[in-house]
Asks: 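Right, I'll just put the structure down here and ask away after.
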Amino acid sequence: AHLDGGDGKRDFASSVDKSDFDVVPALNLGDLDITTDELILDEVDIHIQANLEDDLVKEALKTGVDLRQYSKQVETELQRIEQASIKDYIKESQNIASLHNQITACDSILERMEGMLSSFQSDLSSISSEIQTLQQQSVSMNLRLKNRQAVRGQLSQLVDELVVPSTMISVILDSTVTEQEFLEQLHELNSKINYAKELSFRETLACSDIQDIVDRLRIKAVSKIREFILQKIYSFRKPMTNYQIPQNTLLKFRFFYQFLLANERTVAKEIRDEYVDTMSKIYFSYFKSYSGRLLKVQYEDVADKDDLMGVEDTAKKDILQTTGFFSKPSLKSRNTIFTVGQRGAVLSPAELEGPILIPHAAQRGDSRYPYETLFRSQHYALLDNSCREFLFLSDFFMVAGNSALDLFNSIMGKTLGMFLKNLSTYLSDCYDSIAVFLCIHIILRFRAITAKRNIPALDKSITRRYAEFSSAIVSINQTFPNERTHTLLGQLQVEVENFVLKMAAEFPSRRDQLIFLINNYDMMLENPVVFYSPSCRSKPDSTTRITQLVRGFSSTWKQSVEALSQDVMHSFTNFKNGTSIIQGALTQLIQYYHGFHKVLSQPAFRSLAVRSELINLHHLMVEVKKHKPNF
């Protein structure tokens, strides 16, 4: 240690063994070194001023103490304390050195720890960055997963639809068409064919990979289905065959025809034409044979031109006597002429829909029947077969409306023509008015039966023929108008309308009656000229009526529409139903008024002055839209 503090200090330094300096290492105490001679003089003034403020100094100055003596005393005391402090410092030098070493070691340890913590901090920063990167990668992977799942759903459907399993190939090629497994695989094949067509429109390249195998399976399936259906149709031709059995079999496999219609229309048309040709011949042959055999059990003696109300029975008796015939006709073989008797029983429900007559059984029993009984049996057989046939055609060949009617007529048309021809032949030489009237009522009741069975094929024959006939007559008459023709057509129209209304009255519910009327009137409206009659031409009374209609509508239509709207809102708790009703009513109003405009634009009414008072159709539509409910 470097000690410089006067003689006392030098003596103390000389008394210290030099070996002590060898043991105790030199200490660099820095700011702790109290032996330095350096003074900070620039701060002396500050310290002096601060010392003067000290209470002890103030007390010394106040008591008048000698400052020099006091200063020496203080210096001596400071030297004593310094010496004591030095001794203590030297005495604890070992501990201080050890403490220094320990501090140095701790500093080294702390330095290493600082390095470790810095490294750990750097690692944490790196981990945080990696976590952020992982989070970003996780979000990206999650997005890719969702995209792949979405694509997987579509691709899986695409692959499932495109892949043709070996099971389908083996079943289509080897199984019989009547097996359930074949029908199931045919549905799958049809689905794949439709999907392949859809993909071909999108120009999907994968479609070409399966097109060849799908086409081959389609051709094979079409071939097997064609052979099966044609065999069933050919089985109808066998004598004494109950064709209802193969028809029921075909209905079980109605999808076969649907498959043909969607994938091979040529074969479907071939099957349809073959069925039409076969069944047309079968029905014609059956009813021709049945009608001929029924006539053999008719009463032998029927009314003739001499059976009149004003003819004496004796006159006919005299004629028979002069010709040598004295025998009186047997009541067993003769029908009543002027009385109904038991003949009206044919209209009873039990008799009307009773079993049909078996001609050979009636011949063995030597039974005879009036014409209306034979007529009932013949037409009930026609009714029953026609209803069953129409339902089969609608179900198996998937037709409805006019298409179903056309297909039905192509099968039953020849048979119906034969019925009409036979009836015309009978009526041309018939003098039994009661039989004719009973036949008319039989037809009326049979028409009601067909309506209840929801079979329109036989319902509209009279209406259709009337519409076609009237249209033809009107179109011809328009080239050279004839008043008598117009009068006759008007009378015919009235009779047909009365007939349609009478037929509608046969239905128990108002709804069925309206449906029947709508269907028949729709049939007439397909030929608009049907309703051209004398009443349609401009006459003084019709002009007055038209004027009343135009002016009455112009003055009241707004109030009527408003009243209709209010009535609907108050009458129907379900506003959706009310909306449908009022929209339908307002739509019909526009349509009818548009039709009224067209009627008044005809040549016969163009000169009417009241046409200028007609409401503009566009204005009417705009006003009506204001009343459209917004429920």
Side-chain angles (χ1 to χ4, degrees), residues 176-180 182-184 186-187 190 221-262 264-291 353 355-356 358 377-419 446 449-459:
T176 59
V177 297
T178 56
E179 295 182 6
Q180 182 64 26
F182 180 87
L183 185 60
E184 294 174 356
L186 188 66
H187 278 86
N190 187 61
V222 167
S223 176
K224 296 178 71 172
I225 292 172
R226 174 184 177 275
E227 181 181 359
F228 170 75
I229 296 179
L230 288 179
Q231 285 180 354
K232 292 298 178 183
I233 294 176
Y234 293 152
S235 66
F236 295 163
R237 303 176 181 179
K238 297 179 181 179
M240 306 301 293
T241 299
N242 184 0
Y243 63 86
Q244 297 178 17
I245 296 177
Q247 274 187 340
N248 292 334
T249 303
L250 289 177
L251 286 178
K252 294 179 181 178
F253 301 99
R254 63 174 63 88
F255 181 73
F256 287 172
Y257 185 78
Q258 181 180 347
F259 180 83
L260 295 178
L261 196 62
E264 198 63 50
R265 287 186 172 272
T266 304
V267 176
K269 184 178 183 302
E270 176 190 4
I271 289 176
R272 177 169 168 168
D273 293 343
E274 191 67 31
Y275 179 84
V276 169
D277 181 67
T278 299
M279 295 306 297
S280 176
K281 292 178 180 179
I282 290 176
Y283 281 124
F284 180 79
S285 176
Y286 167 74
F287 281 106
K288 181 180 180 180
S289 174
Y290 183 68
S291 299
E353 299 185 48
I356 62 174
I358 308 299
S377 180
Q378 183 185 30
H379 283 75
Y380 188 71
L382 175 66
L383 168 67
D384 197 42
N385 284 275
S386 297
C387 291
R388 187 180 298 108
E389 185 64 28
F390 184 83
L391 293 176
F392 173 81
L393 295 176
S394 300
D395 196 1
F396 184 78
F397 291 103
M398 297 179 296
V399 290
N402 291 332
S403 299
L405 293 176
D406 294 339
L407 183 59
F408 176 82
N409 290 331
S410 63
I411 293 177
M412 302 298 297
K414 190 176 180 180
T415 302
L416 294 175
M418 180 193 68
F419 269 67
F446 281 169
I449 293 174
T450 59
K452 290 179 181 179
R453 297 183 183 181
N454 196 23
I455 305 298
L458 300 176
D459 282 349

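Because the structure is predicted, anything quoted here is derived from the model rather than measured.
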Asks: R226: what forms a side chain to side chain donor-acceptor pair (under 3.5 Å) with it, not counting sequence neighbours?
Replies: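 Side chain to side chain donor-acceptor pair (under 3.5 Å) list for R226, sorted by chain: E270.
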Asks: Who are the ring-ring contact (aromatic ring centres under 6.0 Å, His included) partners of Y283, not counting sequence neighbours?
Replies: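 Once residues adjacent in sequence are excluded, the partners of Y283 under the ring-ring contact (aromatic ring centres under 6.0 Å, His included) criterion are Y243.
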Asks: Please enumerate all residues that pass side-chain contact (heavy atoms from CB on, under 4.5 Å) together with S410, with sequence neighbours excluded.
Replies: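 With neighbours one apart ignored, the set is V276, L407.
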Asks: Just jot down the salt bridge (Lys or Arg N to Asp or Glu O under 4.0 Å) partners of E184, sequence neighbours excluded, or say none.
Replies: none
Asks: With E264, which residues qualify under salt bridge (Lys or Arg N to Asp or Glu O under 4.0 Å), at least two apart?
Replies: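 In terms of salt bridge (Lys or Arg N to Asp or Glu O under 4.0 Å), with neighbours along the sequence ignored, E264 is linked to R218.
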Asks: Could you check whether any side-chain N or O of D277 sits under 3.5 Å from a backbone N or O of D273, counting only pairs where one atom can act as donor and the other as acceptor?
Replies: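 Checking the backbone N and O of D273 against the side chain of D277, no donor-acceptor pair under 3.5 Å is found.
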Asks: Can you name the residues that form a side chain to side chain donor-acceptor pair (under 3.5 Å) with R265, not counting sequence neighbours?
Replies: none
Asks: Please identify each residue that fulfils side-chain contact (heavy atoms from CB on, under 4.5 Å) with S394, with sequence neighbours left out.
Replies: F390, A404
Asks: For E353, enumerate each residue passing the salt bridge (Lys or Arg N to Asp or Glu O under 4.0 Å) test, keeping only those at least two apart in sequence or located in another chain.
Replies: none
Asks: In terms of relative ring orientation, are F253 and F228 parallel, tilted or perpendicular, with 30° and 60° separating the classes?
Replies: perpendicular
Asks: Just by modelled atom types, is the K281 backbone N or O under 3.5 Å from a matching donor or acceptor in the S285 side chain?
Replies: no
Asks: I'd like to check the side chain to side chain donor-acceptor pair (under 3.5 Å) partners of Y380; sequence neighbours left out, ordered by chain and number.
Replies: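 Applying side chain to side chain donor-acceptor pair (under 3.5 Å) to Y380 gives none.
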Asks: Inspect the contact between K224 and E179 and indicate whether a charged nitrogen and a carboxylate oxygen are less than 4.0 angstrom apart.
Replies: no
Asks: Side chains of S377 and Y290: do they bring a donor and an acceptor to under 3.5 Å?
Replies: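 Short answer, yes.
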Asks: Could you list the residues that satisfy salt bridge (Lys or Arg N to Asp or Glu O under 4.0 Å) with K288, not counting sequence neighbours?
Replies: none
Asks: Who passes side chain to side chain donor-acceptor pair (under 3.5 Å) against K414, sequence neighbours left out?
Replies: none
Asks: Look only at the side chain of N385 and the backbone of A381, and say whether a donor-acceptor pair between them is shorter than 3.5 Å.
Replies: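 Judged by distance alone, yes, a pair lies under 3.5 Å.
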Asks: Applying side-chain contact (heavy atoms from CB on, under 4.5 Å), can you list everything that pairs with F255, at least two apart in sequence or on another chain?
Replies: L183, L186, H187, N190, Q258, F259
